[in-house]
Each structure stands twice: as C-alpha cells, then as structure tokens.
Amino acid sequence: MKEHEDSKEPTPETDGKEASTPLDFIRTIIAQDRKNNKHGARVHTRFPPEPNGYLHIGHAKSICLNFGIAAENEGGLCNLRFDDTNPSKEDQEYIDSIFEDVRWLGFDWGDRLYYASDYFEKLYEFAVALIRKGKAYVCDLSPEEIRQYRGTLTEPGKDSPYRNRPVDENLDLFKKMRAGEFPDGSRVLRAKIDMKSPNINMRDPVLYRILRAVHHRTGNKWCIYPMYDFTHPISDSLEGITHSICTLEFEDHRPLYDWSLDELDIFRSRQIEFARLNLTYTVMSKRKLLELVQEGLVISWDDPRMPTISGLRRRGYTPEAIRDFCDRIGVAKNDSMVDIALLEHCIREDLNMKAHRRMAVLNPLKVVIDNYPAEAAEEFLIQNHPGNPEMGSRSVPFSRTLYIEQDDFMEDPPKKFFRLSPGAEVRLRGAYFVTCTSFVKDEMTGKVIELHCTYDPSTRGGDSPDGRKVKGTVHWVSAPHSIEAEVRLYDRLFTVPNPVGEKEDRDFKAYLNPDSLKTIVSCRMEPSIKEAKPGETFQFERLGYFCADSKDSSMDHPVFNRTVTLRDSWAKIEKTLESKGTPEKAKKPHVEKTAEMKKPEATIDDFARLDLRVGIIREAEAVKDSDKLLRLMVDLGEGRLRQIFAGISKAYPDVSALIGQSVIVVANLKPRQMKFGLSEGMILAGGDEDNLSIATFTGSLVAGKKVS
RNA sequence: UGGGGGAUCGUUCAACGGUAGGACAGCGGACUCUGACUCCGUCGAUCUAGGUUCAAAUCCUAGUCCCCCAGCCA
C-alpha cells in the first residue's frame, strides 16, 4: 500500500492538467485568441444540451471541456443553456436530470442558466430583420416538395416558386404564421441563400416551422418554433459566447452559423468542432439509449449498466473518476473509440484511494474450525484501509463457523493455486492461519458444501510467530454474525466492442450481453455493512468495488452494485493454465523475423504456432446465396461469440444438429473478410465433398481450451 | 459521382522541418496479511507511392481508406 505517499486533492479546477501537458487544438486556439486580445481576451463557453434525454459520458466530455476551459482561463465563464426549440421531444424531467448531473460532475453555472426558449421573442425579431433585408422568405412548399427542390448530394437544388415573394408579403405571412392562421406544416420561413450550393445546409434552410405543441416553458404561447441552425448562432451571440464548441457533425453547418451572424451583424462567436466520444461495449446516442429504456432492455435511464451520468453514478462511479477520464481521453478531430478499460482504470484508481475495505462473501461455502471452541467468539480490529491508518478501523467478529468464497476452495487444485485445498494452509484475512483437514460433498450433486479446518491459535491477527509464510489470504465472515445482502454484478452491456458497427446485418440490440447483470441474493457480509448508507462505496476485499444502491438498499435489505472488479491476475493465470493443458510446457519459441530460415518441411514449432481451441457451436445457419457455406457462431470462452464461415453445408443439411457440438477451431488466424461477413477462424473438418465431417469431441470440454 | 472532415503503437492523445513520446491494454518480474495496490522492465506505430530538404509524421504531388451531410431533429 503505497499510493498515499502523494495523495492529490482533485477538484474541478486542479485535477488533470499539469502545466506541462500540451494543449489540445481547441485550447491552442483559445490561447492564441487570448494572446491576440480577441474579444478583449475574454473566454466564454457554453454547454447547450437539448432536454430530450439523459446526459451520458459523451456529454461529460463536452461538459468537462466547456466548463474546464472556462475554469482554466482567468475570468472565464461557461453558461448552461437548454436548446429547447423542439417541444415535441423535450420534457421537464430531462431538464431536472441535467441540472443534477452537471452539478454532480462538479461544475457550476452560477447565475448563467439560459433557455433558448427565452429568446423566442428576439429570435422572431431577428427573423423579421432577415425578411426585411430580403434574406428570408415564407415558403408554401410541402415538406415533400421541399425535399425534392433541395436536390441531392450530387445535383443542385432549384429555387422555390415562393423564393421571390415581396418583402411585405413575407412580413405579412410570417406574422400570420405566428398568429396561428395556418395549419402545422403548411408553411415555413426559409433563409434565402443559394439553392445550388454544394453544401446542402446552405440550400435555403428552414428557419421556422409551424408546430402546435405545448412547450415545457412557453406553453401554448407559440405555434412557430425556430430551428437549431437559426437559434444556435443567435443564442451564442446574445450571450457573448466567444468559443462555441460542438461536435464534428456540425462542421457542415458552420457556414450557416457564420452567415446568420454576418447577415444580422451581431456579436461574432466562433464555432469549433471536436470528435464525440465513443466507448467500447456500449452505445452512445440518446436515441439508442432511449430505445433500451423504452423496450425494457434496461430498467431505466439510471440503470447501472447505462453509460448515462445517472447510471454511472448509481453504479458507483465518482465525479472525480469521470473527470479524470475526460482529461485522459483528450480532444481531437479523429473519430475514436475509447477502450472502456480506461474508464475502469480511472474508477479503480480513485476508489482504491477512497473506499473503505470490508469483507463480503458472494457465494458462501461453510467452514467449520474444528479446534475452535464451539461457544467462543472474538472480535478482530481490522483497518478500514490497509494503506491509510487515518481511515480508522472496525471490529469484525470471528467464530467457529465461517463462510468463505466457494472459489477459494478446490478439491484438486492446479499448481499456483494459493487458496484452500485439502491439506493446504491459508491465512484468513486479519484472523488466523487455517489448514483444511476435510470436506463434505453433497451426495446428489457432488458439490463441496462444507469444509473442516483447524486453526493455529498462535497466528492470531494473521501473523505467524515462527515466521512461516502462507501464500494465500482469503476473506471470510463469521456465519452467525454475518448479515445477508443482495449483490448485483454488472458487466459490459454489449458483447462486442462496437455494437452499432457490426457490419449492419443485425440490430445493435442483438449484441446485448445477456450476462450484463447477475443478481446474487444470499451473500453474507460482515455486520458493519449494516451501517452502509445508500450510495456509499466499499471495496469488498479481493472482489471489487461496490456501492450500496441508492434506490433499493436499506438497513433491512442491503443491496450492493458492483462498480468494477479488482484487476484479477489469477483469472489470467487460470486462463493460461487452461490453455497450456499440461503443466510445465516450454515457452513458445519466438518467431524470428529473419526470412532466411525458410524450410521445406513444417516443424513441430510451426505447428505450435497454430492456436487450436475447443469451440462450442452456439448458432448455425445456412448462408443465403451460397450452396456451401454455413455461418456458425462459435464460443471460444472469450466472452463473445466468433463468426466463422465453414464450407460444410452439404454434410449438414440439418444445421441445428451442429448446435452444441464441440469442435476444433484455429483461433489465431487473421480474420478474413468474406462476401457475407468477417470470418474469425477456421473449423477443422475431414473428408471430401461427398463424405465430409467436422472434427468433434465427445465428453464435455470447456470452450476456449487449448487443443494439442 | 457534390461538399465537409480525418488517417501516428492493439486503443487513445502528443510531437507544429531536427532523437516518434505519454496513458490505457498486453507481456515479464519484484513486493505483498487483498493473486489488489505500488514499483521495475518489456512489446509496440507515422495509410501508400513519388518529390523537396543535410534532415519529413510534419512541406509538395498523386492515390487509397474511414467518418459526416439530402429532418419542417439537435
């Protein structure tokens, strides 16, 4: 435990940014502008969400950027502005959640809370001004006609027949639009720019539409609403925003943004675009997240599996970790997909420092200490944080009957298994050394249901007076003193890194991870857990970081969400152990890059370069338009299925017979792009066209095991 | 096939004509009353082809690939 030697105190103002870190391109522009005394060296940004959904981690990137830049620059300010120009999608619920989320992230907009809807009157006046200048006109074309007149990406549009209406007529019509004299959708106000522009946004874009909907702030006052492209530059201008930072898809809109400010001749803000955040194993669009909520695929917007700010909060993420993450991912214009492992790293780093340690047993296995007096019990004082005595300690009861984790015992352990097995000695964390003397199996299931151990009284507190070492330390709870609790184990929401980019043959929801939530209802925990407050975070030793659920946890019924596991090097060892199959296999030879050693015959080493694995076929279907190929989804124990195309259709007219079969897969081939999709491996089969069979195993092998 | 953007280790961000660097991930090791933490080591990249230059990720030319745009959404 050494991490407290330079404990930092992260705040929104100081975390991240060391003076030496190079500026991203936006901060470089701003530094340049300040140097040139542009806008009197003033820096004023804004965060402009539309209240049509909950904020997610991608918004956090924008929030950290906008508020962060304001905070870094002397006198800098950042406004919170709701871009609420489409009443049909927006709702007060979302506004409230946005307040909560931005504040929770640690940012403060002071008295600078704005709504685009507050500018409706001014916006209307600006529109009138544009009409007077001959730069806008009322158009009677239907939506369908407007689309047709707009042209296509490669063909120019043509002028609307209403394009040259006299100013007075436009003024009159626009007034009547506002007065509600026309039905929804019958007319729009358009900018008069250039129907032949190669930039479609400049082909006389719609500025106002007629829309009878109750606005969450203005109620029924308006039946015309301004479009984003008209509203945004004017809102920025009215607020004196110096740098209007938005995402890449608005790059094409910048000429229109500039056009509006030019024509209206008002304060000139500069729009700068950066790449939005994408994260592996999740989706990041409000539309898709809404879909998950509405279809009940997750419980709610704040479901701990969601990448929403509220979901992350409920999961146990801290504002500090999210801000740190946003600092680390950087700001640029490249389309990027950030590894969720980085987010997990950030939360582990933060929580490692802050979280009190507790002992909790998720899957209890009863242990009886045979030589411990039956009626006795004692209390051990255990530190809340082994690296930081200032965090205090708590009392943990011990008795003859304990629970340990089922995983911490193996009847027939492999090498390097440092936990309990027959005859093995381990330390019970903070208590005693114990040695397993026997175990009891359920006769029906063959499952180990009880362990018997002896303890060494001289090792009280966990140290041995004779200096003997034990390799393993396991966590435990005293059975009679322990309390029951529910634990929700969360995992990634999707099984593939990029659910929306999966070669478009399937909907993103097809890749939802069925194991993204596992609930365990009868966990046993040390009694101090009773005191846990909703939202409070602990490290359950050797398991991970968990927080008491803010909605469902109570003293009577504690419920914990797993925020993130601890890094688990044992899991890796286990994996390699499995794949090696036999112990003490020699190291794989390094593949030399020298090309001169080409040999006519393959060596055993060459063969060893093929990674052969046990694969279990989970799905199988014939490939349309192919008389040979089957599309197989094969489980290699990787947490996702691999798609493999195999030319074995003739041998298996009934594809369903393949499902469940254990086959041999060449697992380390470079994936091959085929006409029908990516093939990520090869299945070994024998025979010829007429007499063909895949190589299978009898018996039950675990997916992913090495084949040799 | 129009317009706007973008291509640097597996991922992500830097390097702004002068030693391609950091973080995450991976791998190896040390330490350890958490197989955690921490520490050390290691692997590893300039889209391609030409050109300019003493010197190119950076400048020029020609290609290739990827993303965005045809809402009365934002």
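In what follows, every heavy atom counts, from backbone to side chain, and hydrogens, waters and symmetry copies are set aside. Nothing here was measured: the structure is a model prediction, and the numbers come from that model. Chain A is the first sequence line, chain B the second, and so forth, proteins listed ahead of strands; every chain is numbered from 1.
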inquiry  = When the C1' atoms of B/rU8 and B/rA23 are compared, how many Å lie between them, rounded to an integer?
reply    = 15 Å
query = Can you find a donor-acceptor pair, distance only, under 3.5 Å between A/R147 side chain and B/rG71 base?
reply = no
ask   = Given the C1' atoms of B/rG50 and B/rA14, what is the spacing between them in whole Å?
value = 28 Å
query = Quick one: which of B/rU34, B/rU12, B/rA70 gets closest to the side chain of A/T152?
reply = B/rA70
query = Between A/K354 and A/D350, does at least one N-O distance fall below 4.0 Å, as a salt bridge requires?
reply = yes
request  = With the side chain of A/L153 defined as its heavy atoms from C-beta on, choose the nearest nucleotide among B/rA70, B/rA74, B/rC24.
outcome  = B/rA70
ask   = With a 3.5 Å cut-off and just heavy-atom distances, do the side chain of A/D252 and the base of B/rG3 make a donor-acceptor pair?
value = yes
remark   = Walking RNA chain B from its 5' end, the first of A/L23 and A/K89 to be reached, judged by nearest nucleotide, is A/L23
inquiry  = Does B/rC37 have its OP1 or OP2 closer than 4.0 Å to a side-chain nitrogen or oxygen of A/R567?
reply    = yes
message = Is there a side-chain contact between A/T231 and the phosphate of B/rA74, meaning an N or O under 4.0 Å from OP1 or OP2?
response = no
request  = To the nearest Å, give me how far apart CD (A/E349) and C1' (B/rC24) are.
outcome  = 11 Å
request  = From the options B/rC13, B/rA74, B/rG35, select the nucleotide whose nearest atom is closest to the side chain of A/S336.
outcome  = B/rC13
query = Does a side-chain N or O from A/T85 land closer than 4.0 Å to OP1 or OP2 of B/rA74, or not?
reply = yes
task = Indicate yes or no: does A/D258 engage A/R270 in a salt bridge with an N to O separation below 4.0 Å.
result = no
ask   = Want to settle it: does A/R427 or A/T154 sit nearer the 5' end of RNA chain B, counting the closest nucleotide to each?
value = A/T154
ask   = What is the minimum heavy-atom distance between A/Y162 and A/V138, and which atoms define it?
value = CB-O, 3.6 Å
inquiry  = Looking at A/D456 and A/R468, is there a salt bridge between them, counting it only when a charged N and a carboxylate O are closer than 4.0 Å?
reply    = yes
message = Both distances below 3.5 Å, Watson-Crick or wobble geometry, any strand: find the nucleotide opposite B/rG41.
response = B/rC27
inquiry  = Classify A/F230 by what it touches in the nucleic acid, base, sugar-phosphate, or nothing, heavy-atom distance under 4.0 Å.
reply    = nothing
query = Would you say the base of B/rU12 and the side-chain of A/R328 have a donor-acceptor pair closer than 3.5 Å?
reply = no
task = Under a 3.5 Å limit for both distances, which nucleotide forms a Watson-Crick or G-U wobble pair with B/rU64, could you say?
result = B/rA7
message = At less than 4.0 Å, is any side-chain N or O atom of A/K572 found next to OP1 or OP2 of B/rG26? Yes or no.
response = yes
inquiry  = Please report the distance, rounded to the nearest Å, between CG in A/D184 and C1' in B/rG71.
reply    = 16 Å
inquiry  = For the C1' atoms, the ones on B/rG71 and on B/rC66, what distance do you get once it is rounded to whole angstrom?
reply    = 25 Å
inquiry  = Could you tell me how far apart A/L566 (CG) and B/rC37 (P) are, to the nearest whole angstrom?
reply    = 7 Å
query = Taking atom C1' in both B/rA45 and B/rA15, what distance in whole Å separates the two?
reply = 13 Å
ask   = If only side-chain N and O atoms of A/H345 are considered, is one of them under 4.0 Å from the OP1 or OP2 phosphate oxygen of B/rC24?
value = yes
ask   = Looking at B/rG35, B/rA7, B/rA74, which one has an atom nearest to any side-chain atom of A/N334?
value = B/rA7
remark   = Atom CD of A/E273 and atom P of B/rG5 are separated, to the nearest Å, by 9 Å
task = Could you check how far CG of A/L290 sits from P of B/rC73, rounded to whole Å?
result = 17 Å
query = So, are A/R81 and A/E50 salt-bridged, with charged N and O less than 4.0 Å apart?
reply = no
request  = Starting at atom CG of A/D140, determine the distance to atom C1' of B/rC72, rounded to an integer number of angstrom.
outcome  = 13 Å
query = With rounding to whole Å, what would you report as the distance between B/rG35 and B/rC47 at their P atoms?
reply = 44 Å
query = In the structure shown, which nucleotide is the Watson-Crick or G-U wobble counterpart of B/rG71, with both distances under 3.5 Å?
reply = none
remark   = Per atom distances to the A/R150 side chain, the nearest of B/rC69, B/rG26, B/rG71 is B/rG71
remark   = Which of A/E526, A/H356, A/Q383 passes side-chain hydrogen bond (donor to acceptor under 3.5 Å, both in side chains) with A/R394? Answer is A/E526
Residue A/R542, side-chain atoms from C-beta onward, closest of B/rG5, B/rC72, B/rU34 = B/rU34
ask   = Looking for any heavy atom pair under 4.0 Å, which part of the strands does A/H253 touch: base, sugar-phosphate only, or nothing?
value = base
ask   = To the nearest angstrom, how far is A/D335 atom CG from B/rG4 atom C1'?
value = 13 Å
key: Where the chi angle of B/rG5 falls, syn if within 90° of 0 and anti if not   = anti
request  = Run the salt-bridge test on A/R147 and A/E144 with the 4.0 Å N-O cut-off and return the result as yes or no.
outcome  = yes
query = Does A/K333 come within less than 4.0 Å of A/E251, counting only side-chain N to carboxylate O?
reply = yes
request  = When you get a sec, tell me which of B/rU12, B/rA74, B/rG35 is the closest nucleotide to the side chain of A/F418?
outcome  = B/rG35
request  = Please tell me which of the listed nucleotides, B/rA74, B/rU34, B/rC13, lies nearest to the side chain of A/R357?
outcome  = B/rU34
task = Would you mind pulling out the nucleotide paired to B/rC59, Watson-Crick or G-U wobble, both distances under 3.5 Å?
result = B/rG51
task = Look at the side chain of A/N201 and decide which nucleotide, out of B/rG2, B/rC37, B/rC69, has an atom nearest to it.
result = B/rC69
note = With the side chain defined as heavy atoms from C-beta on, A/P143 is closest, among B/rA36, B/rA74, B/rC72, to B/rC72
message = Rounding to an integer number of Å, can you tell me how far A/R419 CZ sits from B/rU34 C1'?
response = 11 Å
